[in-house]
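Here the structure is laid out as structure tokens; the discussion comes afterwards.
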Amino acid sequence: MKSRHNIKEIINSAVQAARAEGLIKIGTLPDIVIEKSRKDEFGDFATNIAMVLAPLEKRPPREVAAIIAAKIQDAKETTGVPLVKKCEVAGPGFINIFLMETYWLSILRDILDKGEAFGRSEAGAGKKVLLEFVSANPTGPLHIGHGRGAAVGDATARIMAAAGYAVTKEFYINDIGKQVLTLGRSVYIRYLQLLGKKIELPEDSYKGEYIKDVAIEFRKENGDNFNNGILDIQGNNRQIELLQPFIDFAKKRLLDDIKTDLAAFGVAFDNWFSEASLYKPENIVDKAIETLKKDGFAREEDGALWLKTMELANDDKDRVLVKADGSKTYLASDVAYHNEKAKRGFDILINVWGADHHGYEARIRAALKAFGHDPTILKIIFIQLVALLRNGAPVAMGKREGEFVTLRQVMDEVGADACRFFFLMRKADAQLDFDLELAKSQAPENPVYYVQYCHARIRSIIDYAKEQGVNVPADTEDEALALLTSKDDIDLIKHLALFEEVVEKSALAMEPHRVTYYLTELAGIFHPYYNRNRIVTDDAGLTAGRLLLCTATAQVIKNGLGLLGVSAPDKM
RNA sequence: GCGCCUGUAGCUCAGUCGGAUAGAGCAACUGCCUUCUAAGCAGUAGGCCACUGGUUCGAAUCCAGUCAGGCGCACCA
């Protein structure tokens, strides 16, 4: 049952009825807005249809509104139950529709019947979505920025799945190229240092403490006599071979750490796509480049091969695929990778990127276009920076080389739930202040606890009711619901009813923060409701009705938190 | 210089495919625990929606320009 759709039908048939009687002329219904009224005096729903029709009818908006409003008054639900209580013309020509309480009670019935399925829809029509996110280099632990990307990507996946999209979550592993070579060399140098060799870490090395840990583990497994000849750290092919065991060990070990952290964060990928697999066993990158050359989308200049991103995607300049020395750029892999993605038959490709990568968008779009794909299937969610605070003061990070706050550290301190919730409190493309003390605090100003507490509080009330020997037989539920007639009851139900639409819009816009806001609002309605209305009383009927309303509220909170990947504890 | 993002209450931010008197949380001030979880609630106060112009019955929302901040414009990844 979708409240809004019913209203649209009612308005539609009202217009048809008015036209049948020759009261208005317009044949097809233009795009109109039906919105939940912001104020009680504006009814439950409002529409601007009369103001849109007025110019076409060449009549004043209020006059058109009056005609349609009269027809809406007569509207009956398909079951024949009167649905509209009152219908008024207001302001410049709005039609405000007031619905019967029974309408809202039927929505509550629907929530209880659907249970954990409430909020799911077919809005996405089964479209296949590839959502690529995190994709951190396996050269170090995940930092706080990756954490936000993980939270946003995973929540987006859950929300889109709930809205009827077929979502595949993918992590692209940059497991070849210069950065893993640097990683292997860094570990190697640390290994030599462990053996007492006097050797300095070159400037462009990974300098974090974790590299030492990897070196220690390598030594534990391979002993002290593993390839202890000193390399010329400038690097050459022979040395890459010598480094290979260090590279392999380190990237596997660091990728395992990333997987462990993501699992602890509640993020599970369907697919781990290795960049190296684009080159072996089959060189897909070379094939892609050949195709681009053949089709005239790549050109040579200064000994390098350039992708014509200017003509393909209005880029500022063309971009290099193959360098003059014959080696390929990162873009070359990515071009081939995105071609593969599109060929795998997805309707929508979503990438979650740091906002500092926005210049890269045109290049990927250009590549898709060059390979004959529709470039508009690519959607990019840009993630802004996270400013880590403690009691309002910035936490020093990223200043000293190789030092940064890891996702693991923050998770260990504030917990995965608070961490995820905080990452989803703002729209992705807005900078986020993350206050560690606030996230940990067990106070109402901490939104995570505010929402979770709402769920726990309701579970506690239900437990209390059971202890008091209250039970609600299934065959008396509808009678009990009918007793929920107060403004407080109906207002709470109205907000619960919004959930389906919030999920749908959040999915279509790919904006998970909308769900976070919705839940904070819902908790902000329930807590005062609880404060004003005692649930368990001597009135058996009303107690039963309110317990059902509480049950539905807890269900919606739980469903919503589930979409964010945050738990809904029964006790706190 | 060019491009993208941002500019809304003291602070952090919702609201932006145009709608009625612009919202929330925090901070501030005033109150509420013999009562189902006070990890909560009630109330007060707080605004030239950066600025200027345009489109419209109607603009925080759309268009143009200006100002301010962030980011990007590698034969790096």
Side-chain angles (χ1 to χ4, degrees), chain A residues 31 33 35 37-39 41-42 46-48 51-52 54-55 60-61 90-94 96 137 139 174 176-180 182 204 275 301-306 314-317 319-334 354-362 382 384-385 387 389 392 425-427 429-433 435 438 441-454 456-465 467-468 470 509 513-514 516-518 520-521 523-524 526-537 543 546-547 550 571-572:
Chain A
D31 266 351
V33 175
E35 61 175 9
S37 299
R38 301 198 341 265
K39 298 190 163 195
E41 59 195 275
F42 298 152
T47 174
N48 67 347
M51 285 180 282
V52 177
F94 288 102
N96 293 330
N137 289 344
T139 54
N174 301 117
I176 55 167
K178 197 164 117 188
Q179 80 281 359
V180 287
T182 303
D204 60 340
E275 183 183 358
E301 185 185 319
D302 300 334
L305 186 74
W306 303 69
N314 241 337
D315 202 358
D316 297 333
K317 49 186 292 192
R319 308 291 170 171
V320 171
L321 291 168
V322 184
K323 302 179 214 173
D325 68 3
S327 65
K328 285 162 193 90
T329 63
Y330 177 81
L331 178 62
S333 294
D334 233 11
D356 56 340
H357 283 67
H358 71 249
Y360 211 73
E361 180 175 358
F382 290 107
Q384 268 292 357
L385 296 178
L389 308 175
M425 279 198 309
R426 302 278 174 256
K427 66 180 167 215
D429 199 14
Q431 208 192 314
L432 171 74
D433 284 344
D435 195 306
L438 177 61
S441 84
Q442 304 194 336
E445 53 267 25
N446 180 355
V448 190
Y449 281 89
Y450 188 72
V451 173
Q452 286 185 320
Y453 179 59
C454 183
R457 177 175 249 179
I458 293 172
R459 299 313 312 173
S460 166
I461 295 166
I462 291 168
D463 284 348
Y464 172 83
E467 284 167 23
Q468 300 298 308
V470 177
H513 75 279
R514 295 178 187 228
T516 317
Y517 269 89
Y518 168 81
T520 308
E521 281 168 11
F526 180 79
H527 288 307
Y529 174 89
Y530 163 85
N531 209 254
R532 281 196 294 265
N533 301 283
R534 197 177 163 87
I535 312 300
V536 182
T537 62
T543 297
R546 288 193 168 150
L547 281 173
C550 284
K571 282 193 164 54
M572 289 173 76

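No hydrogens, no waters, no symmetry mates; every other heavy atom, side chains included, goes into these values.
The separation of B:G18 from B:C63, taken at their C1' atoms, amounts to 13 Å, rounded to a whole angstrom. Remark: the separation of the C1' atoms in B:A9 and B:A14 is 13 Å, to the nearest Å. To the nearest whole angstrom, the two P atoms, one in B:A59 and one in B:A22, are 13 Å apart. Between B:A50 and B:C67, the two C1' atoms lie 8 Å apart (nearest whole Å). Going from the C1' atom of B:G70 to that of B:U30 covers 41 Å, rounded to whole Å. Rounded to whole Å, the P atom of B:C4 lies 14 Å from the corresponding atom of B:U66.
As a whole-Å value, the separation of A:Asp433 CG from B:U6 C1' is 14 Å. Between the CE atom of A:Met425 and the C1' atom of B:G25 there is a distance of 9 Å, rounded to whole Å. The distance from atom CZ of A:Arg532 to atom C1' of B:G43 is 13 Å, rounded to the nearest whole Å. If you take CG of A:Asn314 and C1' of B:C4, they are 13 Å apart, rounded to a whole angstrom. Summarising the geometry, the separation between CD1 on A:Ile461 and C1' on B:C36 is reported as 6 Å, rounded to the nearest angstrom. The separation between A:Tyr450 atom OH and B:A24 atom P is 12 Å, rounded to whole Å. For the pair A:Asp315 CG and B:C4 P, the computed distance is 12 Å after rounding to whole Å.
In RNA chain B, runs of at least 3 consecutive Watson-Crick or G-U pairs, each pair with both distances below 3.5 Å, span B:1-7 with B:67-73, B:10-13 with B:23-26, B:28-32 with B:40-44, B:50-54 with B:62-66.
Dashed line: the shortest gap from a side-chain N or O of A:His527 to OP1 or OP2 of B:G25 is not under 4.0 Å. Distances shown here put a side-chain N or O of A:Arg457 below 4.0 Å from the OP1 or OP2 atom of B:A38. At B:G15, none of the side-chain N or O atoms of A:Tyr518 fall inside 4.0 Å of OP1 or OP2 (strictly under the cut-off).
Among the atoms of the strands shown, base atoms are found under 4.0 Å from some heavy atom of A:Ala456. Within 4.0 Å of A:Asp204, counting heavy atoms only, lies no atom of the nucleic acid at all.
Shown here are the side-chain contact (heavy atoms from CB on, under 4.5 Å) partners of A:Phe94, two or more places apart in sequence or in another chain: A:Asn48, A:Met51, A:Pro92, A:Asn96. By the side-chain contact (heavy atoms from CB on, under 4.5 Å) test, A:Asn137 pairs with A:Thr139, A:Asn174, A:Gln179, sequence neighbours left out. Scanning for salt bridge (Lys or Arg N to Asp or Glu O under 4.0 Å) contacts around A:Arg459 gives an empty result, with sequence neighbours left out. By the salt bridge (Lys or Arg N to Asp or Glu O under 4.0 Å) test, A:Glu275 pairs with no residue at all, sequence neighbours left out. Contacts of A:Arg534 classified as salt bridge (Lys or Arg N to Asp or Glu O under 4.0 Å), with partners at least two apart in sequence or in another chain: none. Applying the side-chain contact (heavy atoms from CB on, under 4.5 Å) criterion to A:Asp204, with sequence neighbours excluded, gives A:Arg185, A:Pro202. When the side-chain hydrogen bond (donor to acceptor under 3.5 Å, both in side chains) test is applied to A:Asp315, the partners found at least two apart in sequence or on another chain are A:Thr309, A:Arg319. For the side-chain hydrogen bond (donor to acceptor under 3.5 Å, both in side chains) test, no residue two or more places apart in sequence or in another chain qualifies with A:His358. Residues forming a salt bridge (Lys or Arg N to Asp or Glu O under 4.0 Å) with A:Glu301 (at least two apart in sequence, or on another chain): A:Arg299.
Around atom CG of A:Asp463, more than 12 heavy atoms belonging to other residues, nucleotides or ligands sit under 6.0 Å away.
Residue A:Gln384 forms a side chain to side chain contact (heavy atoms under 4.5 Å, CB included) with just one option from A:Asp429, A:Asp356, A:Leu432, and that option is A:Asp429.
Here B:A14 is the nucleotide among B:A14, B:C36, B:C41 with the atom lying nearest to any side-chain atom of A:His513. Among the nucleotides B:A39, B:C41, B:C36, the one closest to the side chain of A:Ile535 is B:C36.
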Polar atom pairs between nucleotides 16-23 of chain B and protein, under 3.5 Å, N or O only, would you list them?
| from | atom 1 | to | atom 2 | distance (Å) |
| --- | --- | --- | --- | --- |
| B:G19 | N7 | A:Asn48 | ND2 | 3.2 |
| B:A20 | OP2 | A:Arg38 | NH1 | 2.4 |
| B:A20 | N6 | A:Asn96 | OD1 | 2.7 |
| B:A20 | N1 | A:Asn96 | OD1 | 3.2 |
| B:A20 | N1 | A:Asn96 | ND2 | 3.1 |
| B:U21 | O2 | A:Lys39 | NZ | 3.2 |
| B:U21 | N3 | A:Lys39 | NZ | 3.4 |

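Nucleotide B:C33 is shown with a syn base, its glycosidic torsion being within 90° of 0.
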Inset, instruction - Can you check each nucleotide of nucleotides 71-77 of chain B against protein heavy atoms at under 4.0 Å and return B for base, S for sugar-phosphate only, - for none, in 5' to 3' order? - result: BSSSBSB

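With A:Thr329 contributing its side chain and A:Val320 its backbone, the two residues share a donor-acceptor pair below 3.5 Å.
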Legend entry - A:Tyr517 and A:Arg426: CA distance, side-chain angles, deciding distance, side-chain contact (heavy atoms from CB on, under 4.5 Å) verdict: CA-CA 9 Å; A:Tyr517 269 89; A:Arg426 302 278 174 256; 3.2 Å; yes

